[in-house]
J.: 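I have a structure here, written as structure tokens, and I will follow up with some questions on it.
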Amino acid sequence: MDLNLSDEQKLLRESAERFVAESYDAEHRRRIANDPLGFSPAVWKQFAELGWLALPLPEEFGGLGGGAVDIGILMEAFGRGLVSEPYVATIVLGAALIARCGTSEQKQASLPKVADGSLKLALAHSERAARFDLAKVTTSANKTGQGWRLSGSKIAVLDGHAADEIIVSAHIHDHRGPSGRIGLFLVQATTSGLVISDYPRLGGGRACNIELFDAHLPEDALLGDGSDAVPAIEWAIDRAMAALGAEAVGIMQTLLDTTLDYTKIRKQFGRPLSANQVIRHRLADMAMQVDEARSMALRAALKADSAPIERARAASGAKAKIGKCARFVGEQSIQLHGGMGVTEELEVGAYFKRLVAFDTLFGGSAHHYARHAELSRRAISA
């Protein structure tokens, strides 16, 4: 298998890293952190102009037809700059689900707008009692003569406060009662009966909880033909975990580079810290953890379109392993910076917080080790 990047992918990496290095300095991050929106609309517009919003979308709907590896390249660069724009929520989750499940009319109505930056999306699926069980949904969608009526609550909706449309998962109830199927519904942010409570996320960006009180939706709000959407949701979240893993790799690489530079200039007893053999060993351990995490993120991206069990094993394996690597690299970086590592004067703490948030998003390492083991048993028995 050739794991080398193509010429186009190398150009994507170079342009993304250059953009992030020029646009995302400490001052920009502090300003965005205090902004109620949590990101910059001007930067989002630049993403559209650079073609990054269209990157994974189908070509017939204004996209560039890129894959999960291309997304990973972009997300690793985003990790280096702690980018807070709603790329995962809109592109990796929202637009991907519309492209996979939507009708031709729904795709034509939404995807070109996503590509040009005029439509932002979010996925509202997690519920408080689900405990990362993607098939456990209590939000209900009752069929009415005019369309649908949604009731329920969702938590941890990434960038839902900034979305123009929120894709909500709900248990479909038709005229015969509960159908046993989970459907996806396009809910306008201005829909009556939709209440959004947003809050800052650890490490930057925002999320929200939503409540639906008999929110009335038109007939065509149901995404696709009404077949069970759980396999599509699992597919999208596995891809999101691969993307977030690549972002974590970018964060870890930045922490490694920053720590290496710091130990070269910080002197103790007249010698640089890096002259100490114990410090060198710790830096070498950090470098190995970063390389292992990068390999796992790439594997998850390469398996993103494989058979469901193979794809899910790769995604959970990456999430579990990268979560452990991220915590190790983050903790070592904080410790090697000494007391300065937890002050706002240095950005090491901000990067570490984003890694802690990564470890808990879509399930922590313990959950994904267990999921990987269960999927492995299924693969063996099959």
Side-chain angles (χ1 to χ4, degrees), residues 36-38 86 89-90 93-98 100-103 105-107 109-111 113-114 118-201 206-234 236-237 362:
L37 191 59
T90 295
L93 288 170
L97 282 169
I98 292 176
R100 186 176 178 90
C101 302
T103 63
E105 292 77 12
Q106 288 170 330
K107 294 176 187 178
S110 298
L111 296 183
K113 293 180 181 178
V114 170
S118 60
L119 177 65
K120 291 182 287 294
L121 302 168
L123 172 64
H125 178 68
S126 299
E127 297 186 0
R128 201 171 297 278
R131 299 299 299 170
F132 309 121
D133 183 353
L134 298 181
K136 190 171 184 179
V137 175
T138 59
T139 299
S140 62
N142 292 280
K143 190 76 176 70
T144 67
Q146 294 75 37
W148 303 91
R149 188 175 72 250
L150 266 63
S151 297
S153 61
K154 301 288 185 178
I155 63 169
V157 181
L158 295 180
D159 298 297
H161 70 294
D164 303 297
E165 292 182 3
I166 301 175
I167 301 173
V168 179
S169 61
H171 188 186
I172 295 175
H173 294 245
D174 53 26
H175 61 279
R176 293 188 296 270
S179 67
R181 303 190 312 276
I182 304 301
L184 294 172
F185 295 83
L186 290 168
V187 180
Q188 300 289 329
T190 54
T191 299
S192 177
L194 172 65
V195 178
I196 297 175
S197 305
D198 71 305
Y199 51 86
R201 291 170 53 208
R206 300 185 73 83
C208 71
N209 298 336
I210 70 171
E211 298 283 346
L212 293 152
F213 300 100
D214 279 340
H216 290 269
L217 307 178
E219 183 82 30
D220 62 357
L222 176 62
L223 196 60
D225 58 7
S227 57
D228 189 36
V230 170
I233 294 169
E234 292 175 341
I237 289 181
F362 300 125

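Worth knowing before you read on, the calculation uses all heavy atoms, side chains too, and leaves out hydrogens, waters and symmetry mates. Just so you know, these numbers come straight off a predicted model, no measurement behind them.
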J.: Okay, side chain of Asp228, backbone of Ile182: is any donor-acceptor separation there less than 3.5 Å?
T.: yes
J.: Would you confirm whether Ser151, through its side chain, and Ser140, through its main-chain N or O, come within 3.5 Å as a donor-acceptor pair?
T.: no
J.: Considering only heavy atoms from C-beta outward, does the side chain of Ile166 approach that of Ile196 to under 4.5 Å?
T.: yes
J.: So, does Gln106 use its side chain to make a donor-acceptor pair with the main chain of Leu222 at under 3.5 Å?
T.: yes
J.: Check Ala163 against Ala189 and note the closest heavy-atom contact, atom names and distance.
T.: O-CB, 3.3 Å
J.: Examine distances only and state if a side-chain atom of Asn209 and a backbone atom of Ala156 form a donor-acceptor pair shorter than 3.5 Å.
T.: yes
J.: What is the minimum heavy-atom distance between Pro36 and Asp198, and which atoms define it?
T.: O-OD2, 4.2 Å
J.: Within the 4.5 Å heavy-atom criterion, are Ile237 and Leu93 side-chain neighbours or not?
T.: yes
J.: Counting N and O atoms only, with roles assigned by atom type, does the side chain of Ser179 sit under 3.5 Å from a partner on the main chain of His173, one being a donor and the other an acceptor?
T.: no
J.: For Lys136 and Glu127, indicate whether the former's side chain and the latter's backbone hold a donor-acceptor pair under 3.5 Å.
T.: no
J.: About how many Å separate CZ of Phe213 and OG of Ser192, when rounded to the nearest 0.5 Å?
T.: 11.5 Å
J.: With the side chain counted from C-beta on, respond yes when Ile210 and Leu194 share a heavy-atom pair under 4.5 Å apart, and no when they do not.
T.: yes
J.: Just by modelled atom types, is the Lys120 backbone N or O under 3.5 Å from a matching donor or acceptor in the Asp164 side chain?
T.: yes
J.: Got a donor-acceptor contact below 3.5 angstrom from the His171 side chain to the Pro178 backbone?
T.: no
J.: Determine whether Trp148 and His216 satisfy the following criterion, side chain to side chain contact (heavy atoms under 4.5 Å, CB included), listing intermediate values before the conclusion.
T.: CA-CA 6 Å; Trp148 303 91; His216 290 269; over 6 Å; no
J.: Between Leu186 and Ile167, is any pair of side-chain heavy atoms under 4.5 Å apart?
T.: yes
J.: Go through it in stages, so that I can follow the logic: the residues are Asp214 and Arg149, the test is salt bridge (charged side-chain N to carboxylate O under 4.0 Å, His left out), and I'd like the CA-CA distance, side-chain angles, deciding distance and then a yes or no.
T.: CA-CA 5 Å; Asp214 279 340; Arg149 188 175 72 250; 3.2 Å; yes
J.: Are any of the side-chain heavy atoms of Thr90 and Asp159 separated by less than 4.5 Å?
T.: no
J.: Kindly give the heavy-atom pair with the smallest separation between Cys101 and Leu184, and that separation in Å.
T.: SG-CD1, 4.4 Å
J.: What verdict does the side chain to side chain contact (heavy atoms under 4.5 Å, CB included) test give for Ile98 and Leu223, after you've listed the backbone C-alpha separation in whole Å, the side-chain angles of each residue and the deciding distance to 0.1 Å?
T.: CA-CA 7 Å; Ile98 292 176; Leu223 196 60; 4.2 Å; yes
J.: So which of Val187, Val114, Leu121 actually passes side chain to side chain contact (heavy atoms under 4.5 Å, CB included) with Glu165?
T.: Leu121
J.: Spell out, as yes or no, whether a donor-acceptor pair under 3.5 Å connects the side chain of Arg128 to the backbone of Ile155.
T.: no
J.: When you measure from the side chain of Arg206 to the backbone of Leu37, do you find a donor-acceptor pair of N or O atoms at a distance under 3.5 Å?
T.: no
J.: Does the side chain of Lys154 come within less than 4.5 Å of Ser169's, by heavy atoms?
T.: yes
J.: Any side-chain heavy-atom pair from Phe185 and Ile172 closer than 4.5 angstrom?
T.: yes
J.: What residue among Leu212, Thr144, Thr191 forms side chain to side chain contact (heavy atoms under 4.5 Å, CB included) with Leu217?
T.: Thr191
J.: Got a sec: does the NZ of Lys107 have more than 12 other heavy atoms crowding it under 6.0 Å?
T.: yes
